[in-house]
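Have a look at the structure below before the remarks.
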2 protein chains.
Amino acid sequence: MNHTPDPISFHMNQSCAEARERFIERMGEHMEMEGLPRIAGRLFGLLLVDPGTVSFSDLAERLGVSRGSISTNARLLEGKGLIERVAVDGERQDYFRLADRPFVNMVRGIAARMRETMTLIDDGCRDCGGPSVNPGILATRDFFAEAVENLEELAARLAERCGRENEQ
Amino acid sequence: MNHTPDPISFHMNQSCAEARERFIERMGEHMEMEGLPRIAGRLFGLLLVDPGTVSFSDLAERLGVSRGSISTNARLLEGKGLIERVAVDGERQDYFRLADRPFVNMVRGIAARMRETMTLIDDGCRDCGGPSVNPGILATRDFFAEAVENLEELAARLAERCGRENEQ
DNA sequence: ACGATCGTTTAATCAAGACTGAACGAAAGA
DNA sequence: TCTTTCGTTCAGTCTTGATTAAACGATCGT
């Protein structure tokens with residue numbers, strides 16, 4: 001208790017902790033911009049910063065939100081393949097950690113949504129294919145096709161790199 | 001007036017019109033899912049299937065929305081580089097059509113936003129200073145870097161292809 | 001000058017969803 | 001069995017943002 005911490009490392013830890021907090025908030029804002037609940041983004045950010053597993057109630061406490069919010073948003077992130085729920089032997093609580101390849105799954109999710117858009121436009125091309133169709137719709141379809149291909153390429157590259165580095 | 005249309009082409013037009021309506025609505029729902037106003041999606045869908053240019057008030061009438069909504073959402077889509085506002089010589093009204101190089105600017109916009117988030121994370125890393133930057137934050141930063149690079153690559157490819165096809 | 005028509009803006013309404021707190025059923029430990 | 005702790009769910013609150021109608025300034029035609 002009466003131990004004065006080393007001023008340098010104390011300052012380091014201090015600023016590091018602040019940096020982590022900022023990172024978590026930033027991720028919350030970013031994910032909110034992307035259409036997800038802010039709490040989901042903060043939860044993801046917390047698990048990104050925290051190397052180990054974090055318990056359900058720790059999440060609620062550290063993020064300062066209700067257990068209900070943790071339940072909902074954790075399930076959401078699980079569904080997106082960004083985090084994983086793990087059982088700890090002696091413990092009754094659920095624990096969470098980052099999924100194996102969170103960003104790969106994230107990009108794949110985006111690609112899937114875009115592919116949906118593409119097929120929607122594709123159907124439009126086919127059904128509205130009268131003589132007087134706007135040629136712009138064809139270019140649009142091509143764009144989505146290329147974008148989807150591009151994203152899946154990116155996902156593959158990320159997956160490969162991920163596998164090389166720590167074969168998760 | 002007393003001209004009975006060719007039954008085949010008449011039926012074509014009929015089903016085509018229905019298909020277009022459906023397409024417009026679906027595009028509205030889809031864009032709503034993507035975080036844009038539904039009207040913006042329907043407006044975009046209308047210009048996708050309709051050849052040529054459509055006037056401001058035609059948009060309002062055909063979509064059954066107020067002129068204010070057209071004003072707001074058309075500006076939004078213009079900002080994203082998806083549609084263009086064109087002046088018709090004899091007309092006072094504004095006319096709209098699909099943008100010449102759709103999506104290039106859109107992709108650039110997405111890339112810019114991601115780059116912004118990335119630099120924010122970067123700053124956070126730097127503030128933390130020491131050699132012991134959180135590995136999770138580093139991985140996130142790297143992911144954003146690669147994603148941004150990837151997007152800008154895609155934008156460049158699209159721009160080039162666009163320029164080849166109609167040398168604008 | 002006047003009236004009409006254009007697009008924009010603003011205040012107000014309205015719906016969607018994020019978040020919470022309490023209630024609930026399940027499971028573990030006493 | 002009783003109590004506690006767990007995660008989920010549901011009703012309710014609250015915020016955000018989409019949409020509209022009306023007011024507005026600008027511009028054209030007369």
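Naming: A, B, ... by sequence-line order, numbering from 1 per chain. Note that the structure is a prediction, hence the values are computed from the model and not measured.
One can place CD of B:Glu34 at 17 Å from C1' of C:dA16, the figure rounded to the nearest angstrom. Protein atom CE of A:Met33 is 16 Å distant from nucleotide atom P of C:dA18, rounded to whole Å. When rounded to the nearest whole Å, the span between CG of A:Asp94 and P of D:dG7 equals 5 Å. Spacing between atom CD of A:Gln93 and atom C1' of C:dA26 amounts to 16 Å, rounded to whole angstrom units. Rounded to whole angstrom, the span from the CZ atom of A:Arg75 across to the C1' atom of C:dA18 amounts to 14 Å. Between the CD atom of B:Glu61 and the C1' atom of C:dC6 there is a distance of 16 Å, given to the nearest Å. In this structure, OH of A:Tyr95 is placed 12 Å from C1' of D:dC6, rounded to the nearest angstrom. Atom C1' of nucleotide D:dG7 and atom CD of A:Glu78 are separated by 12 Å, given to the nearest angstrom.
Looking at A:Met106 and B:Phe143, their side chains come closer than 4.5 Å, going by heavy atoms from C-beta outward.
Scanning both residues, B:Phe96 and B:Val86, for their nearest heavy atoms gives N-CG2, 4.5 Å.
Between B:Asp94 and the options B:Arg85, B:Arg67, B:Arg75, a salt bridge (charged side-chain N to carboxylate O under 4.0 Å, His left out) holds for only B:Arg85.
Side-chain contact of B:Asn73 with B:Arg42: a donor-acceptor pair under 3.5 Å is absent, judged by distance alone. For the residue pair B:Ser69 / B:Thr72, no side-chain donor-acceptor distance below 3.5 Å is found, with atom types taken as modelled.
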If a protein heavy atom is under 4.0 Å from the base, mark B; if only from the sugar-phosphate, S; if neither, -; do that for nucleotides 10-30 of chain D going 5' to 3'. --------SSB------BB--
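Taking the six-membered ring where the residue is Trp, the centroids of A:His30 and B:Phe144 are separated by under 6.0 Å.
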